[in-house]
Q: 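Have a look at the structure that comes next, please.
All values below come from the heavy atoms of this structure, side chains included, with hydrogens, waters and symmetry mates left out. So you know, we letter chains A, B, ... as the sequences are listed, proteins then strands, and number each from 1.
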Amino acid sequence: MSERRYEPSEIEPRWQAIWESERTWEVPNLSAAEADSAPPKSYVLEMLPYPSGEPHIGHLKNYAVGDAVAHFRRRHGHRVLHPLGYDAFGLPAENNAIKTGIPPREATDESIAAFQRAFRAWGLSIDWSREIASHEPAYYRWTQWIFLRLYERGLAYRKESAVNWCPNDQTVLANEQVIDGHCERCGHEVELRQLEQWFFRITAYADRLLDDLDTIRWPESVKAQQRNWIGRSTGAEVTFHNEQLGIDYPVFTTRPDTLFGATFFVMAPEHPDVLKLAAGTAQEAEVRAYVNRALNETAADRGAADKPKTGVALGRTVTNPVNGEPLPMYVADYVLMEYGTGAIMAVPGHDERDHAFAVAHGLPIRRVIEGPDGATSDEELPYAGDGPMVNSGRFDGTHNRTGYEQMIEWLQSEQRGHGTVSYRLRDWLLSRQRYWGCPIPILYCESCGMVPVPDEDLPVRLPEVEDYQPRGRSPLAAAEDWVHTTCPRCDGPARRETDTMDTFVDSSWYFLRYCDARNDQAPWDPEVLAQWAPIDQYIGGIEHAILHLLYARFFVKALADMELLSVQEPFAALFTQGMILGPDGAKMSKSRGNVISPMPIIERYGADAARCYVLFIGPPDQDAAWSEKSLEGVHRFLARLWRLGEEVSANDSRGPAESPSAPEGDALTLVRKAHWAIDKVTTDLDGRFAFNTAIAAIMELVNELYRHPDAEPRARRFAVATAASLVFPFAPHLGAEVYETITGERVWEQPWPQADPAMLVADSFELVCQVNGKVRDRVNAPTGAPREELERLALASAGVQSHLNGHEVVKVIVVPDKLVNVVAR
RNA sequence: GCGGCGGUGGUGGAACGGUAGACACGACGGACUCAAAAUCCGUUGUCCGCAAGGACGUGAGGGUUCGAAUCCCUCUCGCCGCACCA
C-alpha cells in the first residue's frame, strides 16, 4: 500500500497554478458571425461580494454553488460566462474610516485583495479578465452615465418629501432599507424628515415589475415578497368636495361598493391642506398641536398596528358624492400621506381601522353590506366580507361585487371618480449624505439652475477628503475646491451636487458590465450584451429578495426602453442559497462567538472538502448548522477516492476511462453502479440543485469500489475515473488530480459522462410482494416479466401465502418491474 | 392580520402516489497495532421475541386510493417577509 496520504495542500495549489497560467476559465466575446455558429452560451453568476474584511463562510457556499453550476454547464459544451467583481462603495468602509482614520479606499482595496486570495485558494473557475470594482472611476463613470440617461427621461428626479432619516448614520434611507422603523444597517430608530432628495421613478414600472414575475424562474417566496412589496390594489378614485373652501379631495378606495357607508373623512397629518382647512376654526390650535406631535413621532411608534386611533376634527366637512351627505373631516395619523392620496373616506361599518376610530370618537357606524345569513345587527361590525348591499339607495339588494362595478360606472358617468389602481411601492430614494459612494453628476448653476454634467466630463471623480464625519450633509460639501466649478452651459459659477448614490445603484447594472468590462467608449456594446444576456442562472442570498433584485429589474427595464439592451429581465433563473449557521444553530455573529472562518478550515481540510461539505450539509436553499464532524466525514470520503486513484494507477497503466464492453460478476456490479451514479448526479444537478444527493451518489459509488476490491482492473479504473469526473464540479482539484492520475487526461476538457441506458437496468430485480398494501415478501423476478408472471410469483411467495391463508383474493395490482399488491378480504 | 415555506431516527437529512429512513455524523462491536492515531469490516427507527418473526412508526385528526411522508380538508406548532397600504 502507498505510504502517501491525501494532501490537499499539495494538490490544490498545483491545479490552481495551471488554471491561472493557462487562463482556463476565460471566455472571449465573439463577433456576431462567430457567435451564430458558437456553442450555446450560459451566463452563470453569483451575487457580487461586498468587500469588508475577509470573506466569510456564506461566501464559500455561494461560490461553491455557482462554481458547480458553471463547471456542469461547461462540460455540457456551453460557453460559460462566469465573472466576479466587488461592490466596493458603502457605509461600512466609511464608518470604519471615521473610527480608525484609514481612508475607505485603502481599507476597501485591502479587503478586495483578501477576497482575491481567498477566491483563488478556493479554486473557483472565474474569468478574471472581466473583474470589476464599483469604486473605480472606470466603473462608476458608467454608473453616472446611466444616471444621466435616467435623468433625461424623467426617471431620476429631485423633490422634497417626508423621507426616512437615520440620525446615527446621518443620512436618508430608501424605504426598502427601513426594517420595522429601524435603519437596516445600524439598527437605529429612523425619523421622518422633510427633505429635498433624489429619487428614481421605479413606480413608473410597477405594473411591468409585477407582471413580468410570471416570466422568470425564481423561488416562489422571492416572487411573493416582490408582489407584496409592489402591492398593487385595484379600486376607485372618488372625489369628495369641500364647500367651505371649494376644493375637491380625491380619495383612493378598494371598496367603492361601500360608499354609502362613509360617515366621516380623514386626512394624513402631512397632508398640505390640513392647516389651511383648520385655519379660523375653533379647532385650529388643537389641529396644529396634533400635526406637530405626529410629525415628530418615529416611524416605529407611528406604525405600531395596535396603537389607539387618535385624531382631531378639522371643523370642516366634505360632501359624499353618492348621497350628498356632509361628512365631518378629521386629521389622524393612521392615514398615510405616501399611500393613495393622503386622504380617505372612512367606512366604519366595513373597515376595522375606521371602526376603531369611529368608536373612539363617537362617530356613526352604518352597515351597507349584509352579513352572512342575512345578518344585519351592528354587533357584527366591522364586516369585511361580501353580501347584498343595504342602506345604499338604488343599490339595495345588489350583490356588492356587482355593485362595485356599477358604482365605478356611475362615478365615471357623473365625473365624480373612476376606476384606478394604487401601489404600495414608492419611488427609490437614491441620494445619500455620505462620502463613500458614486458622486451624482449634477451641477447647480446660479443662472441656469440644475444642470447635468455633460457625458464628456464623466467621470465626476470622488475627491479625497480628510474628514469623513457626517454632519447632516455630505462630507463632500467640505471639499470646497471640488464643489465649486463652472457651468457647462453659461460658464458661470456652479456648485456640484454633494450627495452620493446609494450603493444599490452600483449593483443594479454590474452584471451588464461584465459582458463588456473593458469598453471605455460605452458601458457596453449592445451587440456584445446581446450575446450574453440574460443571466441564465443567478445565485445569491435571500436577503436581497426585494432590494437588489427589484432595483436591478427596474434598471434593466428602463435600459431596455432606451434600446440599450434587448431583454426585459436580468435574471432568467434565480437560486437563493440558505445560510450556514454557527455550530450552535444560531446565526453566526462576533458577539455570539460562533463564527467559523473559511480560511483556517481550508488550510486544515482543503478547499475541496470545505466546498463539498457546504454542498453536502443539506438542501442548498435551506439553512444548516456548521458541523466539524460532518466536514471530517466529507474529507474522509475525498481521501477514500484519492486512495482509489493511487491504487488504480499502481495496478494498471494509464489509459482512457472506458466502460468495459462485457463485464461480469463484480465488474458488472461496479460498472452498473458507475452508470447509476452518472445518471443520478446528472439529474440531481440538472436544474434541481440537489448537490447533497449528488454527492451522496458519488459516495455510494466509492463505497461500492471498497466493497469489490478484487474486481477486474478495467472495471475499477472506469468506476474510479467516473467518480473523479462526477466529483469535479464540487471538488475540482481532487477531481482533476485523480482523473489525471489514472487517465493522463484533463477532466475539465472531457465531456460530461453519459449513462448507458442498458447499464441502468439489471436482468432481475427484487419484486416487492404486498398483501393489502403491507410488504410480506420479496422475491427475485426477471426484469421485463409480464404482469401475469409477476402476479404468479407474488401469489406463490411464502410471505404472501402465510398472510393469505383463509382470505379471499379480491384483486391483484401489478406495477411492472416493481411490486405486486394482493388485495384480500 | 396578509403572503410564503416547513414539521421524517440520537443528529444533518433521503424518498416520480409503490420496499420510509439513501448518504453522512454519532454510538456500539470487531480487525490491524506493544499501544494509540489513521485505516478497514459489521450493527444501529421504536417496541415484543433467544430466534424465526411480528406490531407500531413521517406534528394531530379526517378523507381520496389496491397503496399516502407525498394528493385533498380541518387543526396545531415553527421559521421568513410585509404590516394602520384605505
Side-chain angles (χ1 to χ4, degrees), chain A residues 1 5 179-180 219-229 231-233 235 251-255 258 266 268 302-309 332-336 338-347 350-354 356-357 384 422-426 542-543 545-546 578 585 613 616-619 621-634 636-637 639-640 643 680 683 690 692-700 702-703 706-707 709 766-778 799 802-803 810-815 817-824:
Chain A
M1 250 315 185
R5 290 183 46 186
I179 312 294
D180 285 336
E220 201 41 54
S221 62
V222 177
K223 287 191 187 186
Q225 280 186 58
Q226 291 214 349
R227 284 193 191 102
N228 216 321
W229 188 260
R232 175 159 67 190
S233 320
V251 301
F252 174 73
T253 177
T254 55
R255 295 297 303 275
T258 64
V266 192
R302 169 103 182 249
D306 46 2
K307 189 184 150 180
K309 294 279 175 291
D333 65 1
Y334 81 92
V335 174
L336 309 173
E338 311 86 69
Y339 187 73
T341 62
I344 61 155
M345 65 174 209
V347 184
H350 303 280
D351 181 278
E352 213 171 304
R353 298 149 302 176
D354 295 346
F357 189 88
S422 196
Y423 302 91
R424 220 192 68 104
L425 182 71
R426 317 275 155 74
I542 190 127
E543 66 274 18
I546 328 190
Y613 168 65
F616 181 68
I617 190 168
D621 54 342
Q622 270 175 41
D623 293 351
W626 180 265
S627 153
E628 183 113 359
K629 285 289 181 193
S630 243
L631 167 64
E632 281 171 18
V634 172
R636 208 172 292 149
F637 152 66
R640 276 158 72 85
R643 281 198 304 273
K680 173 79 177 148
T683 52
N692 53 334
T693 50
I695 292 169
I698 308 169
M699 287 175 170
E700 284 196 54
V702 166
N703 290 346
Y706 275 80
R707 236 172 267 136
E766 199 172 61
L767 178 69
V768 173
C769 307
Q770 297 182 331
V771 176
N772 290 332
K774 292 198 170 168
V775 180
R776 295 305 182 187
D777 212 336
R778 297 180 175 89
S802 70
H803 281 88
V810 183
K811 195 173 170 186
V812 179
I813 309 280
V814 180
V815 183
D817 291 342
K818 194 150 254 168
L819 64 72
V820 172
N821 186 18
V822 179
V823 187

Q: How should the glycosidic conformation of B:rG9 be described, syn or anti, under the criterion that syn lies within 90° of 0?
A: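 This nucleotide is in syn.
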Q: According to a strict under-4.0 Å criterion, is A:Arg5 in side-chain N/O contact with OP1 or OP2 of B:rU39?
A: no
Q: Between A:Lys309 and A:Glu352 (salt bridge meaning N to carboxylate O under 4.0 Å), is one present in this structure?
A: no
Q: Using whole Å, what does the distance between atom P of nucleotide B:rC2 and atom CD of A:Glu352 come to?
A: 10 Å
Q: Between B:rA86, B:rG26, B:rC56, which nucleotide gets closest to the side-chain atoms of A:Lys774?
A: B:rC56
Q: Out of B:rA86, B:rA22, B:rA24, which nucleotide sits closest to the side chain of A:Glu700?
A: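 Taking heavy atoms from C-beta onward, the closest nucleotide is B:rA22.
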Q: Answer with base, sugar-phosphate or nothing: what part of the nucleic acid does A:Asn703 contact at a heavy-atom distance below 4.0 Å?
A: sugar-phosphate
Q: Across the strands shown, which category fits A:Pro619 at heavy-atom distances under 4.0 angstrom: base, sugar-phosphate, nothing?
A: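 Contact class for A:Pro619: sugar-phosphate only.
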Q: Measure CG/A:Leu631 against C1'/B:rG13 and give the value in whole Å, please.
A: 17 Å
Q: Would you please test A:Lys223 and A:Gln226 for side-chain contact (heavy atoms from CB on, under 4.5 Å) and show each step?
A: CA-CA 5 Å; A:Lys223 287 191 187 186; A:Gln226 291 214 349; 5.8 Å; no
Q: Classify A:Val775 by what it touches in the nucleic acid, base, sugar-phosphate, or nothing, heavy-atom distance under 4.0 Å.
A: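 Sugar-phosphate, no base atom in range.
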Q: Might you work through the side-chain contact (heavy atoms from CB on, under 4.5 Å) test for A:Val823 and A:Asn772, ending with a clear yes or no?
A: CA-CA 5 Å; A:Val823 187; A:Asn772 290 332; 3.8 Å; yes
Q: For the C1' atoms, the ones on B:rG45 and on B:rG12, what distance do you get once it is rounded to whole angstrom?
A: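 That atom pair is separated by 16 Å.
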Q: Below 4.0 angstrom from OP1 or OP2 of B:rA86, is there any side-chain N or O of A:Ser422?
A: no
Q: Say we look at B:rU65 and B:rC73: how far apart would their C1' atoms be, to the nearest angstrom?
A: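 It comes out at 16 Å once rounded to the nearest Å.
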Q: Would A:Thr258 and A:Met345 satisfy side-chain contact (heavy atoms from CB on, under 4.5 Å), going step by step from the backbone distance to the final call?
A: CA-CA 10 Å; A:Thr258 64; A:Met345 65 174 209; 3.9 Å; yes
Q: State whether A:His350 places a side-chain N or O below 4.0 Å from either non-bridging phosphate oxygen (OP1 or OP2) of B:rA86.
A: no
Q: Students often get this wrong, so: under 4.0 angstrom with heavy atoms, is A:Thr253 touching a base, only sugar-phosphate, or nothing?
A: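 Sugar-phosphate only.
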Q: Apply side-chain contact (heavy atoms from CB on, under 4.5 Å) to A:Lys307 and A:Asp333, showing your working.
A: CA-CA 10 Å; A:Lys307 189 184 150 180; A:Asp333 65 1; 2.6 Å; yes
Q: Given the C1' atoms of B:rU74 and B:rG26, what is the spacing between them in whole Å?
A: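 Here B:rU74 and B:rG26 have their C1' atoms 39 Å from each other.
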Q: Looking at every strand, decide which applies to A:Phe637 at a 4.0 Å heavy-atom threshold: base, sugar-phosphate, or nothing.
A: nothing
Q: Among the candidates B:rA55, B:rU39, B:rA86, find the nucleotide nearest to the side-chain atoms of A:Leu336.
A: B:rA86
Q: Can A:Arg640 and A:Asn703 be counted as having a side-chain donor-acceptor contact under 3.5 angstrom?
A: yes
Q: Using the P atom as the reference point in each nucleotide, state the distance between B:rG4 and B:rG21 in Å, no decimals.
A: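 Each nucleotide's P atom is 33 Å from the other's.
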Q: From B:rU39, B:rG18, B:rG4, pick the nucleotide closest to the side chain of A:Val815?
A: B:rG18
Q: Quote, to the nearest angstrom, the P distance that separates B:rG10 from B:rA22.
A: 14 Å
Q: Which atom pair, heavy atoms only, marks the closest approach of A:Val266 to A:Val335?
A: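 What the structure gives for the nearest pair is CG1-CG2, 3.6 Å.
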Q: Just to be sure I understand the rule, does A:Arg707 reach a base, reach only the sugar-phosphate, or reach nothing, if contact means heavy atoms closer than 4.0 Å?
A: nothing
Q: If I pick the P atom on B:rC75 and the same atom on B:rA86, what distance separates them, to the nearest angstrom?
A: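 Each nucleotide's P atom is 25 Å from the other's.
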Q: What is the distance, rounded to the nearest whole Å, between atom CZ of A:Arg636 and atom P of B:rA38?
A: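 A:Arg636 atom CZ is separated from B:rA38 atom P by 8 Å.
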Q: For atom C1', what is the distance between B:rG59 and B:rC79, given to the nearest Å?
A: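 Nearest-Å result for B:rG59 against B:rC79 at atom C1': 15 Å.
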Q: Between P on B:rA86 and CE on A:Met345, what's the gap in Å once rounded to a whole number?
A: 12 Å
Q: With RNA chain B as reference, determine whether A:Ile813 or A:Ala696 sits nearer its 5' end, using the nearest nucleotide of each.
A: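 Between the two, 5'-proximity favours A:Ala696.
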Q: When rounded to the nearest Å, what value does the distance between C1' atoms of B:rU58 and B:rG13 take?
A: 13 Å
Q: Tell me which nucleotide among B:rA86, B:rG18, B:rG4 gets nearest to the side chain of A:Gln770.
A: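 When the side chain of A:Gln770 is considered, B:rG18 is the closest of B:rA86, B:rG18, B:rG4.
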Q: Which word best sums up how the rings of A:Phe357 and A:Tyr334 line up, parallel for under 30°, tilted for 30 to 60°, or perpendicular for over 60°?
A: tilted
Q: Between A:Val822 and A:Thr693, which is nearer to the 5' end of RNA chain B once each is assigned its nearest nucleotide?
A: A:Thr693
Q: Under 4.0 Å between a Lys/Arg side-chain N and an Asp/Glu carboxylate O for A:Asp351 and A:Arg255?
A: no
Q: Let me confirm one number: the CZ-CZ distance from A:Arg424 to A:Arg227, rounded to the nearest 0.5 Å.
A: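 Rounded to the nearest 0.5 Å, the CZ-CZ separation comes out at 15.0 Å.
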Q: For B:rU19 and A:Asn821 - does any side-chain N or O of the residue sit under 4.0 Å from the phosphate oxygens OP1/OP2?
A: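 For B:rU19, OP1/OP2 do not have a side-chain N/O of A:Asn821 under 4.0 Å.
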Q: Compare side-chain N and O positions of A:Lys818 against OP1 and OP2 of B:rG67 and report whether any pair is under 4.0 Å apart.
A: no
Q: With distance as the sole test, does A:Tyr613 use its side chain to make a donor-acceptor pair with the main-chain N or O of A:Glu628 at under 3.5 Å?
A: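 Here the side-chain-to-backbone pair does not exist.
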Q: Pull out every protein N or O sitting under 3.5 Å from an N or O of nucleotides 80-82 of chain B, one pair per line with the distance.
A:
{"unit_1": "B:rG81", "atom_1": "O2'", "unit_2": "A:Gln225", "atom_2": "OE1", "d": "3.2"}
{"unit_1": "B:rG81", "atom_1": "N2", "unit_2": "A:Asn228", "atom_2": "ND2", "d": "3.1"}
{"unit_1": "B:rC82", "atom_1": "O3'", "unit_2": "A:Arg424", "atom_2": "NH1", "d": "3.3"}
{"unit_1": "B:rC82", "atom_1": "O2'", "unit_2": "A:Arg424", "atom_2": "NH1", "d": "3.4"}

Q: Between atom CG in A:Leu767 and atom P in B:rG67, what is the gap in whole Å?
A: 19 Å
Q: Indicate whether OP1 or OP2 belonging to B:rG6 is found under 4.0 Å from a side-chain N or O atom of A:Gln622.
A: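 So the side-chain polar atoms of A:Gln622 never come under 4.0 Å of the phosphate oxygens OP1 or OP2 of B:rG6.
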Q: What contact category does A:Gly633 fall into here, base, sugar-phosphate, or nothing, at under 4.0 angstrom with non-hydrogen atoms?
A: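 The residue A:Gly633 makes sugar-phosphate contact but no base contact.
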Q: Can you tell me how far P of B:rG13 sits from CD1 of A:Ile617, to the nearest Å?
A: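 So the CD1-P distance, A:Ile617 to B:rG13, works out to 8 Å.
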Q: Less than 4.0 angstrom between a side-chain N/O of A:Arg640 and OP1 or OP2 of B:rC40, yes or no?
A: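 So the side-chain polar atoms of A:Arg640 do come within 4.0 Å of the phosphate oxygens OP1 or OP2 of B:rC40, strictly under.
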Q: A:Glu543 CD to B:rG4 P: how many Å, rounded?
A: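 It works out to 22 Å between those atoms.
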Q: Would one find a side-chain N or O of A:Lys811 under 4.0 angstrom from OP1 or OP2 of B:rC66?
A: yes
Q: Report which part of the nucleic acid A:Glu766 touches: base, sugar-phosphate, or nothing (heavy-atom distance under 4.0 Å, all strands).
A: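 If one applies the 4.0 Å heavy-atom cut-off, A:Glu766 turns out to touch a base.
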Q: Name the nucleic acid region contacted by A:Val810, choosing base, sugar-phosphate or nothing; use a 4.0 angstrom heavy-atom cut-off, strictly under.
A: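 If one applies the 4.0 Å heavy-atom cut-off, A:Val810 turns out to touch nothing in the nucleic acid.
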Q: Could you check how far CH2 of A:Trp626 sits from P of B:rC25, rounded to whole Å?
A: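 Atom CH2 in A:Trp626 sits about 15 Å away from atom P in B:rC25.
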